[in-house]
Student: 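Please read through the structure below; I'll follow up with questions.
Hydrogens, waters and symmetry mates play no part in the numbers below; they use all other heavy atoms, side chains included. What you see is a predicted model, and the numbers here were worked out from it, not measured in a lab. In what follows, every chain begins at residue 1, and chains take the letters A, B, ... in the order their sequences are listed.
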Amino acid sequence: MQQLSEQEIVRRNALDEMKKLGINPYPQAMYEVNAYAKDILEQFPKDNTLFQEVSMAGRMMSRRIMGAASFTELKDSTGRVQLYIKRDDVCPGEDKTMYNTVFKRLLDIGDFIGIKGFVFTTQMGEITVHVTELTVLSKSLRPLPVVKEKDGQVYDAFTDPDQRYRQRYVDLVVNDPVRKIFEMRARVLRSMREFLNEKGYLEVETPILQSIPGGAAARPFITHHNALDIPLYLRIANELYLKRLIVGGYEGVYEFAKDFRNEGMDRYHNPEFTQMEMYVAYKDYFWMMETTEQMLEKIANDLHGTTKVQVGDNVIDFAAPYKRISILDAIKEKTGIDVSGMNEAELHATCQKLGIETDPSMGKGKLIDEIFGEKCEHTFIQPTFITDYPVEMSPLCKRHRENPELTERFELMVNGKELANAYTELNDPIDQRERFEEQVKLAEKGDDEAMYIDYDFLRALEYGMPPTSGMGIGIDRLTMFMTNQASIQEVILFPQMRPEIQAKVVSSSDFMVLGMPEHWASLMPEAGVAKPEDLAEIKPTVIQQTLNGLRKKKKLDVPAVQMEEIQSWIEKLK
RNA sequence: CUCUCCGUAGCUCAGUUGGCAGAGCAGCUGACUCUUAAUCAGCGGGUCGAAGGUUCGAGCCCUUCCGGGGAGACCA
């Protein structure tokens, strides 16, 4: 049992008192709700005949008591509204317990209550619910952080990121802007889904547990299936499964997929993250660029009513069309170096010249990627399609129709970060097999992100896949842009955290195993003995004096502790 | 993994040169029938992240560890 703070004890006592008064602090029955804070605040000023018989429920978030009348704030799922509670209205008879005892003393900030009443406007002009009936719906035993606000100025905000992420429930209760972010995230998903459904594509679900983690270059999480006695991997991408579905005859498929990558964590990366991948038959990457920019334009409009979105210090304009530039031109433009046609040795030398670290496992593709990542990526603030990546770094992508050294691939850069990645998909099974084999050679050179060969996927391609274009877009990053958040942890409800270590709490039973009776064991913390081992550190006479002193002070009805007993506890310890 | 900053009451934060642990809010007791960061009077509340060290004396100095933020490294 954790040591309780003073305020937690007060709340537990209040809970007991309520029960004694015959009030169930956790009632079973549903509570009728027919009005919400947001609707009242919006509609009542226009028509003050509305809301004359409301029934509402929520948390009590503040309390201003003035004797026989009080104001409190009720927070429901839509917002906050002030309540006016008058003693003789909630307690019309002789018995004023409900107001004097229950409301004023036994209820606390954070408790859920249900109220019935009517809406009016106070002398100070605030829309308020005049309460005629009060019901306890759920007692809160822990004090919430009390965040106050006046004129948009927030006082004593709950800001510690550690506590906010670990106890997101508290964050959501007291920090309204945080709730908004996750509502916006839901709207991003809804808007994107609408866009895709409108086009008639099929939303599908594909395996998260995969025996071959394919479709991307990343290190997977490994788990184990007991019945099959085989390793399984948490998916790093769903690409290969979605393409199998195109082989199967669907014209367009998409999935909002949780992917898992066993790599570093920082402001932009969480081990599990969400990606939307889509694949459409008979299309190429030019079509996909148009589709992508239309989709993002719609999402920005749906969320903000404009295509211009504030992201940090920049205003990003998601209005289509977006600038397009090939990766080699981008490098030429930013560094003045033309890397096209360079072999591996020349690229290593170029990296050296640019001050970019390399290692021998890097092939041509990876080297070009390094140069782009180091010198170019961060410079693309407005949405820009970077196109035509070298074939080595795109093993699932079709070769460029004009240059077989390149592929028909684009990445969409926004605010200096990759947001989306798309291909004209490789559907030549023989070429695909060779590309996988190249990956195996890279793996042998030491690239631990190189791809595995998925033979079933090759088999599917051999049955024939129509020309197809596919695209993946990071939902977390998109949400960061759309909500102007600088950290991925702010757009994931429960970001991955190091497990919270519970400080080892020593209880009476840890002392009782030494043969100590409970009445002494429970006094140990007070006697200055934090843990059993400490007994050996303190002189037995001191222990005896302290315990018997406490016995006298607390008027305990137990025999005084004898030296022999203390000796036996210390003996037991060894 | 490296550097750096932070960890003090339920929350937000002070804490001097190393010398009796503080404030506001929250809580408790009381007053107050339209308040609004309500107000007024009074009161309580601490493993100063953990362990060790230096010292007559450590919230403060040193070491190690734990957790978090930021920057980098690695990495989509």
Side-chain angles (χ1 to χ4, degrees), chain A residues 3-11 13-14 61-73 80 82-89 99 104-105 108-110 120-126 128 130 140-167 170 174-175 216-219 236-237 259 261-271 273 275 357 359 366 369-370 372-373 377 393 411 413 417-421 447-449 472 474 476-477 486-487 489 495 497-506 525 528 530-531:
Chain A
Q3 198 76 21
L4 294 177
S5 71
E6 185 195 22
Q7 296 193 41
E8 286 171 295
I9 292 166
V10 167
R11 285 169 182 240
N13 291 342
M61 295 304 284
S62 72
R63 203 165 38 165
R64 296 182 285 276
I65 299 174
M66 292 156 303
S70 303
F71 289 94
T72 85
E73 257 182 313
R80 295 172 184 228
Q82 180 170 264
L83 305 181
Y84 178 65
I85 302 181
K86 203 156 110 182
R87 191 224 291 139
D88 297 336
D89 289 342
Y99 182 81
K104 275 170 71 177
R105 220 157 51 71
D108 289 291
I109 290 176
F120 73 110
T121 306
T122 65
Q123 284 171 16
M124 301 298 288
E126 178 155 352
T128 302
H130 189 126
S140 157
L141 295 182
R142 279 177 190 262
L144 286 170
V146 178
V147 181
K148 298 201 172 186
E149 195 192 321
K150 187 188 186 180
D151 303 332
Q153 180 71 8
V154 178
Y155 299 83
D156 299 324
F158 178 60
T159 51
D160 179 7
D162 189 25
Q163 293 195 71
R164 285 186 45 230
Y165 302 151
R166 287 187 197 280
Q167 303 186 49
V170 175
V174 302
N175 291 330
R219 289 201 298 268
I236 55 175
D259 290 336
R261 297 187 182 175
N262 201 344
E263 282 160 1
M265 289 167 60
D266 60 33
R267 201 145 49 99
Y268 302 100
H269 300 88
N270 195 62
F273 63 102
Q275 229 186 157
E357 278 180 52
D359 73 71
K366 198 120 191 172
D369 194 31
E370 283 296 314
F372 179 79
E377 182 168 315
M393 54 193 288
E411 290 193 357
M413 297 295 155
K417 290 279 169 218
E418 177 196 344
L419 178 60
N421 185 12
D447 183 344
D448 56 5
E449 293 196 333
D476 308 288
R477 280 193 187 172
S487 157
Q489 293 161 311
M497 302 287 276
R498 212 175 278 274
E500 206 170 355
I501 40 147
Q502 287 286 348
K504 167 117 177 64
V505 181
V506 179
K531 50 185 190 290

Student: Using atom P of each nucleotide, how far apart are B:C5 and B:C20 to the nearest Å?
Tutor: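 B:C5 and B:C20 have their P atoms separated by 27 Å.
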Student: Taking B:A23 as the reference, what is the distance to B:U35 when you measure between their P atoms (whole Å, please)?
Tutor: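 These two P atoms come out 31 Å apart once rounded.
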Student: For A:Y268, is the NZ or CZ atom of A:K417 found under 6.0 angstrom from the centre of its six-membered ring and inside 45 degrees of the ring axis?
Tutor: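 Cation-pi check for A:K417 and A:Y268: passes.
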Student: Please find the pair of heavy atoms, one from A:E263 and one from A:A218, that lie closest to each other, and give the distance.
Tutor: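 In this case the closest contact between A:E263 and A:A218 is OE2-CA, 3.4 Å.
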Student: Of the options B:G10, B:G27, B:G69, whose atoms approach the side-chain atoms of A:Q489 most closely?
Tutor: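 The nucleotide sitting nearest to the side chain is B:G69.
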Student: Extract from the structure each pairing of a protein N or O with an N or O of nucleotides 42-45 of chain B at less than 3.5 Å, listing the distance.
Tutor:
residue : atom : partner : partner atom : Å
B:G44   : N2   : A:E6    : OE1          : 2.5

Student: Ignoring backbone atoms, establish whether A:K148 has a side-chain N or O less than 4.0 Å from OP1 or OP2 of B:U12.
Tutor: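 Result: no.
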Student: Could you tell me how far apart A:I236 (CD1) and B:C75 (P) are, to the nearest whole angstrom?
Tutor: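 That distance rounds to 15 Å.
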Student: Could you check if a side-chain atom of A:R261 sits within less than 4.5 angstrom of a side-chain atom of A:F273, using non-hydrogen atoms only?
Tutor: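 Touching, per the 4.5 Å side-chain cut-off.
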Student: A:D160: what forms a side-chain contact (heavy atoms from CB on, under 4.5 Å) with it, not counting sequence neighbours?
Tutor: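 Result, side-chain contact (heavy atoms from CB on, under 4.5 Å) vs A:D160: A:D162, A:Q163.
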Student: Quick one: label A:R142 by what it contacts on the DNA or RNA (base, sugar-phosphate, nothing), any heavy atom closer than 4.0 Å.
Tutor: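 A:R142: no heavy atom of the nucleic acid under 4.0 Å.
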Student: Given atom CG of A:D266 and atom P of B:C1, what is their separation to the nearest angstrom?
Tutor: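 Nearest whole value for this atom pair: 16 Å.
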Student: Nearest whole Å is fine: how far is B:A26 P from A:L144 CG?
Tutor: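 Those two atoms, CG and P, are 14 Å apart.
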Student: Can you label the angle between the A:Y84 ring and the A:H130 ring as parallel, tilted or perpendicular, going by 30° and 60°?
Tutor: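 Ring orientation, 0 to 90° scale: perpendicular.
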Student: When you measure from the side-chain N and O atoms of A:R166 to the phosphate of B:G68, is any distance below 4.0 Å, counting only OP1 and OP2?
Tutor: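 Yes, because at least one side-chain N or O of A:R166 sits under 4.0 Å from OP1 or OP2 of B:G68.
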Student: In chain order, what residues pass the salt bridge (charged side-chain N to carboxylate O under 4.0 Å, His left out) check against A:E377, with sequence neighbours excluded?
Tutor: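 A:E377 satisfies salt bridge (charged side-chain N to carboxylate O under 4.0 Å, His left out) with no other residue.
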Student: Give the dot-bracket string for RNA chain B, reading 5' to 3', where a pair is Watson-Crick or G-U wobble with both distances under 3.5 Å, ( ) marks pairs inside the strand, [ ] marks pairs crossing earlier ones, | marks a partner on another strand, and . marks unpaired.
Tutor: (((((((..((((.....[..)))).(((((.......))))).....(((((..]....))))))))))))....
Student: Closest-nucleotide mapping onto RNA chain B: is A:K150 or A:F158 further toward the 5' terminus? I mean the 5' end.
Tutor: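 Counting from the 5' end, the first nearest nucleotide belongs to A:F158.
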Student: Has the side chain of A:D266 got a donor or acceptor atom that lies under 3.5 Å from a matching backbone atom of A:H269?
Tutor: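 Checked: pair present.
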Student: Consider the side chain of A:R267, meaning its heavy atoms from C-beta on, and name the nucleotide among B:G67, B:C25, B:G70 that approaches it most closely.
Tutor: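 For A:R267, the side-chain atoms sit closest to B:G70.
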Student: Between B:A26 and B:A38, how many Å separate the two C1' atoms, rounded to a whole number?
Tutor: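 After rounding to an integer number of Å, I get 15 Å for this pair.
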Student: Please report the shortest heavy-atom distance between A:S140 and A:G110, naming the atom on each side.
Tutor: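 Taking A:S140 first and A:G110 second, the nearest heavy atoms are CB-O, 3.6 Å.
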Student: If the P atom of B:A31 is compared with that of B:A14, how far apart are they to the nearest Å?
Tutor: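 Taking atom P in both B:A31 and B:A14, they lie 38 Å apart.
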Student: Minimum heavy-atom separation for A:I109 and A:V146, please, with both atom names.
Tutor: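 Residues A:I109 and A:V146, closest heavy atoms: CD1-CG2, 4.4 Å.
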Student: If you look at every strand shown and take non-hydrogen atoms under 4.0 Å, does A:D162 touch a base, only sugar-phosphate, or nothing?
Tutor: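 Since only primed, P, OP1 and OP2 atoms lie under 4.0 Å of A:D162, the category is sugar-phosphate.
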Student: Indicate, yes or no, whether a donor-acceptor pair under 3.5 Å links the base of B:U35 to the side chain of A:Q82.
Tutor: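 Per atom types, the contact qualifies.
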Student: Should A:M265 and A:P271 count as side-chain neighbours, where that means a heavy-atom distance under 4.5 Å?
Tutor: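 Yes, at least one pair of side-chain atoms sits under 4.5 Å.
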Student: Answer yes or no: does a side-chain N or O of A:R64 lie under 4.0 Å from OP1 or OP2 of B:A38?
Tutor: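 For B:A38, OP1/OP2 do have a side-chain N/O of A:R64 under 4.0 Å.
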Student: Under 4.0 Å, counting only non-hydrogen atoms across every strand here, what does A:Y268 touch: a base, just sugar-phosphate, or nothing?
Tutor: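 Since no nucleic acid heavy atom lies under 4.0 Å of A:Y268, the category is nothing.
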Student: Would you call A:Y99 and A:S70 a side-chain contact if the rule is heavy atoms closer than 4.5 Å?
Tutor: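 Answer yes - side chains close enough.
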Student: When the P atoms of B:U4 and B:C11 are considered, how many whole Å apart are they?
Tutor: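 Between the two P atoms, the distance is 29 Å.
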Student: Looking at the side chain of A:H269, which of B:U36, B:C11, B:C75 is the nearest nucleotide?
Tutor: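 For A:H269, the side-chain atoms sit closest to B:C75.
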Student: Output one line per pair: protein atom, nucleotide atom from nucleotides 2-8 of chain B, and distance, for all N/O pairs under 3.5 Å.
Tutor:
none

Student: Examine B:C75: is either OP1 or OP2 under 4.0 Å from a nitrogen or oxygen in the side chain of A:R219? Give yes or no.
Tutor: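 It does not, given that no N or O in the side chain of A:R219 lies less than 4.0 Å from OP1 or OP2 of B:C75.
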Student: Return the value, rounded to whole Å, for the distance between atom CZ of A:F120 and atom C1' of B:U35.
Tutor: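 Result: 10 Å.
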Student: Once you round it to whole Å, what is the distance between C1' of B:A71 and CE of A:M265?
Tutor: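 That distance rounds to 16 Å.
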Student: When we call it a touch if two heavy atoms are under 4.0 Å apart, what does A:Q163 touch: a base, just sugar-phosphate, or nothing?
Tutor: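 Sugar-phosphate contact only.
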Student: For A:D108 and for A:E411, find the nucleotide of RNA chain B with the closest heavy atom, then tell me which residue's nucleotide is more 5'.
Tutor: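 Here A:D108 is the residue nearer the 5' end.
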Student: Output one line per pair: protein atom, nucleotide atom from nucleotides 29-33 of chain B, and distance, for all N/O pairs under 3.5 Å.
Tutor:
residue : atom : partner : partner atom : Å
B:C32   : N3   : A:I65   : O            : 3.2
B:C32   : N3   : A:G67   : N            : 3.3
B:C32   : N4   : A:G67   : N            : 3.3

Student: Using atom P of each nucleotide, how far apart are B:U55 and B:G70 to the nearest Å?
Tutor: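 Rounded to whole Å, the distance is 40 Å.
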Student: What does A:S62 touch in the nucleic acid at a heavy-atom separation under 4.0 angstrom: a base, only the sugar-phosphate, or nothing?
Tutor: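 No contact.
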Student: Step by step, work out the side chain to side chain contact (heavy atoms under 4.5 Å, CB included) result for A:M124 and A:Q82.
Tutor: CA-CA 12 Å; A:M124 301 298 288; A:Q82 180 170 264; over 6 Å; no
Student: Can you name the closest pair of heavy atoms from A:R63 and A:K104 and give their distance?
Tutor: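 Minimum heavy-atom separation between A:R63 and A:K104: NH1-O, 3.3 Å.
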Student: Closest to the A:D160 side chain: B:U12, B:A26, B:U36?
Tutor: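 The closest nucleotide is B:U12.
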Student: Determine the Euclidean distance between corresponding C1' atoms of B:G59 and B:U16; express it in Å to zero decimal places.
Tutor: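 The answer is 13 Å between these two C1' atoms.
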Student: Hey, are the side chains of A:T72 and A:M61 touching, using non-hydrogen atoms and a 4.5 Å cut-off?
Tutor: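 A:T72 does not reach A:M61 side chain to side chain.
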Student: Touch check for A:E149, heavy atoms < 4.0 angstrom, all strands: base, sugar-phosphate only, or nothing?
Tutor: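 Since only primed, P, OP1 and OP2 atoms lie under 4.0 Å of A:E149, the category is sugar-phosphate.
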Student: Tell me the closest heavy-atom pair linking A:Q489 and A:P495, and the distance in Å.
Tutor: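 In terms of heavy atoms, the two residues are closest at CG-CB, 3.7 Å.
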Student: How close or far is atom P of B:A26 from atom CE of A:M61, stated in whole angstroms?
Tutor: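 After rounding, the reported distance stands at 13 Å.
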Student: When you compare B:G19 with B:A58, how far apart are their P atoms, in angstrom units rounded to a whole number?
Tutor: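 So the two P atoms sit 11 Å from each other.
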Student: Using 4.0 Å as the upper bound for N to carboxylate O, is an ion pair formed by A:E73 and A:R80?
Tutor: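 Looking at A:E73 together with A:R80, the answer is yes, because their closest N to O distance falls below 4.0 Å.
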